[in-house]
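Lettering follows sequence order; numbering is per chain, from 1.
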Protein chains: 2
Amino acid sequence: MSDNRTKIIEIAETMVRSGGYNGFSFREIAAQIGIKSSSVHYYFPTKEALALEVAERYTTDFFAALGDPNSANGATPEKLRHYCSVFQSAFESSGRACLCGMLSNEVALLPESVRLAVIEFVNANISWLKNALSPATGDNKTSAAKTIYCGLEGAMSAAALTKDASWIEDVASSTLASILGEEG
Amino acid sequence: MSDNRTKIIEIAETMVRSGGYNGFSFREIAAQIGIKSSSVHYYFPTKEALALEVAERYTTDFFAALGDPNSANGATPEKLRHYCSVFQSAFESSGRACLCGMLSNEVALLPESVRLAVIEFVNANISWLKNALSPATGDNKTSAAKTIYCGLEGAMSAAALTKDASWIEDVASSTLASILGEEG
DNA sequence: GTCTATAAACAGATAGAC
DNA sequence: GTCTATCTGTTTATAGAC
């Protein structure tokens with residue numbers, strides 16, 4: 001695996017998380033590495049191919065950080081707090097919003113393959129949360145999962161806008177308090 | 001007020017809500033009206049000026065739909081349900097995400113005046129919610145307001161991605177149930 | 001108020017030399 | 001694997017005719 005190939009994906013991720021799908025270009029990625037845009041095309045024939053690989057790598061890394069929701073280690077409260085902390089460090093290490101949260105808003109201009117990758121990220125988050133929630137949540141498991149996920153995505157967006165990580169902390173603790181409270 | 005001026009703002013709003021700040025162009029707006037891009041420049045000298053007016057009009061219309069949070073008509077539960085319904089109809093009438101939620105993610109590429117307009121929208125939402133929340137919420141009023149706002153923004157984004165309005169319904173009812181439950 | 005014409009920059013993408 | 005050169009189309013924006 002070439003070093004430049006990895007650099008391209010990393011720079012592209014940063015740029016997408018700053019300006020969305022239309023916010024990155026082969027020319028600017030190349031300039032940041034010190035090569036020409038045609039060399040970027042050597043690794044990724046099209047913009048769609050590059051964006052897709054960025055989304056897939058982001059999803060892989062994100063779920064690697066999350067770990068197994070069915071793990072015997074830790075009960076529901078610990079698992080949910082861990083989930084929130086992954087969002088928090090995703091923001092704090094970059095000062096940027098979630099890649100897939102960013103792309104979600106841009107459905108209309110995404111190539112089909114990228115759109116499907118983003119939907120996959122969302123579905124995987126809901127699944128993870130449903131597995132982490134204890135049976136006591138009952139019939140509302142899906143709603144609870146959606147509420148946690150959407151709250152954190154919205155909080156990351158507000159945190160990026162205001163450059164203030166406390167949005168994520170506040171939303172996380174408030175949301176978890178009510179959901180865990182209901183579980184007793 | 002010229003008819004075309006209004007059309008320009010309306011089309012620009014639709015386009016920004018589809019593809020963000022980089023997702024609209026003078027040429028395409030002109031084409032949809034049936035004029036030339038130079039005629040769009042007659043009304044709005046720069047892209048920044050147009051985007052700013054779009055954001056301001058969106059904010060004005062949004063808070064007109066919300067009404068006065070201090071109104072004597074209706075208690076906290078009714079006010080909060082009304083707040084959620086405004087997000088819901090903003091999605092259902094367009095199938096698109098929130099204009100300011102969209103732009104929030106794109107801070108890095110926004111002109112300063114537009115960035116400030118988006119922050120103003122966010123702050124105004126938090127203020128509205130804090131006024132609508134009953135004193136019983138106590139010290140956590142700000143966190144509760146942030147949680148409601150971020151949850152709905154995230155839900156609008158997911159709804160736009162999946163073309164499924166139920167995200168907003170689910171997050172709204174789940175979030176309100178816990179906050180109103182805490183208030184007794 | 002709308003047009004033509006144009007500028008200067010940038011986009012994604014390709015062909016072919018080295 | 002990286003380069004030069006180039007194509008085609010797009011962007012924001014301006015000058016000036018009508």
Side-chain angles (χ1 to χ4, degrees), chain A residues 1-56 99 102-103 106-115 117, chain B residues 1-56 99 102-103 106-115 117:
Chain A
M1 166 142 65
S2 154
D3 198 32
N4 275 351
R5 197 191 140 89
T6 308
K7 281 186 198 163
I8 289 167
I9 297 177
E10 287 168 353
I11 294 172
E13 181 189 312
T14 300
M15 291 178 67
V16 174
R17 288 174 72 181
S18 294
Y21 189 78
N22 277 337
F24 79 103
S25 75
F26 280 60
R27 274 178 154 73
E28 204 176 322
I29 292 169
Q32 282 192 33
I33 299 180
I35 56 177
K36 297 294 174 181
S37 71
S38 52
S39 299
V40 180
H41 277 283
Y42 168 78
Y43 297 101
F44 302 96
T46 64
K47 191 172 185 178
E48 174 173 1
L50 173 52
L52 179 60
E53 200 148 321
V54 168
E56 286 171 344
L99 180 99
M102 185 100 209
L103 294 177
E106 297 183 304
V107 222
L109 48 80
L110 295 183
E112 185 66 2
S113 65
V114 180
R115 207 193 100 238
Chain B
M1 166 143 63
S2 153
D3 198 31
N4 274 354
R5 199 189 138 88
T6 308
K7 280 186 200 164
I8 289 166
I9 297 177
E10 288 168 352
I11 294 171
E13 181 190 314
T14 300
M15 290 177 68
V16 174
R17 289 175 71 182
S18 293
Y21 188 78
N22 276 338
F24 80 103
S25 74
F26 280 60
R27 270 179 155 72
E28 201 176 324
I29 292 169
Q32 281 191 32
I33 300 179
I35 59 178
K36 295 295 173 182
S37 71
S38 52
S39 299
V40 179
H41 276 283
Y42 169 78
Y43 296 102
F44 303 95
T46 63
K47 191 172 184 176
E48 173 173 3
L50 173 52
L52 179 60
E53 200 149 319
V54 168
E56 286 171 343
L99 180 98
M102 186 100 209
L103 294 176
E106 295 182 307
V107 224
L109 49 78
L110 294 184
E112 185 66 3
S113 65
V114 179
R115 206 193 101 236

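Note that OG of A:S37 is 12.0 Å distant from CD of A:E28, once rounded to the nearest 0.5 Å. Here the CG-CG distance, from B:L109 to A:N22, works out to 9.5 Å after rounding to the nearest 0.5 Å.
For B:S18, the side chain to side chain donor-acceptor pair (under 3.5 Å) partners at least two apart in sequence or on another chain are B:R96. Not counting sequence neighbours, B:K47 has no partner by the salt bridge (charged side-chain N to carboxylate O under 4.0 Å, His left out) test.
Between A:D3 and A:K7, the closest side-chain pair of non-hydrogen atoms falls below 4.5 Å. Counting heavy atoms from C-beta outward, B:I35 and B:I29 have side chains that stay 4.5 Å or more apart.
Applying the 4.0 Å criterion to OP1 and OP2 of D:dC3, one finds that A:S39 has a side-chain N or O inside that range. Between C:dG1 and B:N4, no contact under 4.0 Å exists linking OP1 or OP2 to a side-chain N or O. At least one side-chain nitrogen or oxygen of A:Y42 sits closer than 4.0 Å to the OP1 or OP2 atom of D:dG1.
Annotation: salt bridge (charged side-chain N to carboxylate O under 4.0 Å, His left out) contacts involving residues 17-27 of chain A, sequence neighbours excluded, comprise A:E13-A:R17. For residues 28-50 of chain A, the set of pairs meeting the ring pair (Phe, Tyr, Trp, His ring centres under 6.0 Å) definition, not counting sequence neighbours, comprises A:F26-A:H41.
Separating the NZ atom of A:K36 from the P atom of C:dA11 is a distance of 13 Å, rounded to the nearest angstrom. In this structure, A:D3 places its CG atom 10 Å from P of D:dT2, rounding to the nearest Å. Straight-line distance from the CD1 atom of B:I29 to the C1' atom of D:dT10: 15 Å, rounded to whole Å. Whole-Å rounding puts the A:N22 CG to D:dT11 P distance at 10 Å. Atom NZ of B:K7 is separated from atom C1' of C:dG1 by 13 Å (rounded to the nearest Å). Taking atom CD of residue B:E28 and atom P of nucleotide D:dG9, one finds them 17 Å apart after rounding to whole Å.
An angle of 0°, rounded to 10°, separates the two end axes of the helix from C:dG1-D:dC18 to C:dC18-D:dG1, each defined over five pairs.
For NZ of B:K36, the number of neighbouring non-hydrogen atoms (other residues, nucleotides, ligands) closer than 6.0 Å is 12 at most.
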Report all interatomic pairs (protein N or O, nucleotide N or O of nucleotides 12-16 of chain D) with separations under 3.5 Å.
from   : atom 1 : to    : atom 2 : distance (Å)
D:dT12 : OP1    : B:F24 : O      : 3.2
D:dT12 : OP1    : B:K47 : NZ     : 2.9
D:dT12 : OP2    : B:F26 : N      : 3.2
D:dT12 : O4     : B:R27 : NH1    : 3.2
D:dA13 : OP2    : B:K47 : N      : 2.7
D:dA13 : N7     : B:H41 : NE2    : 3.4

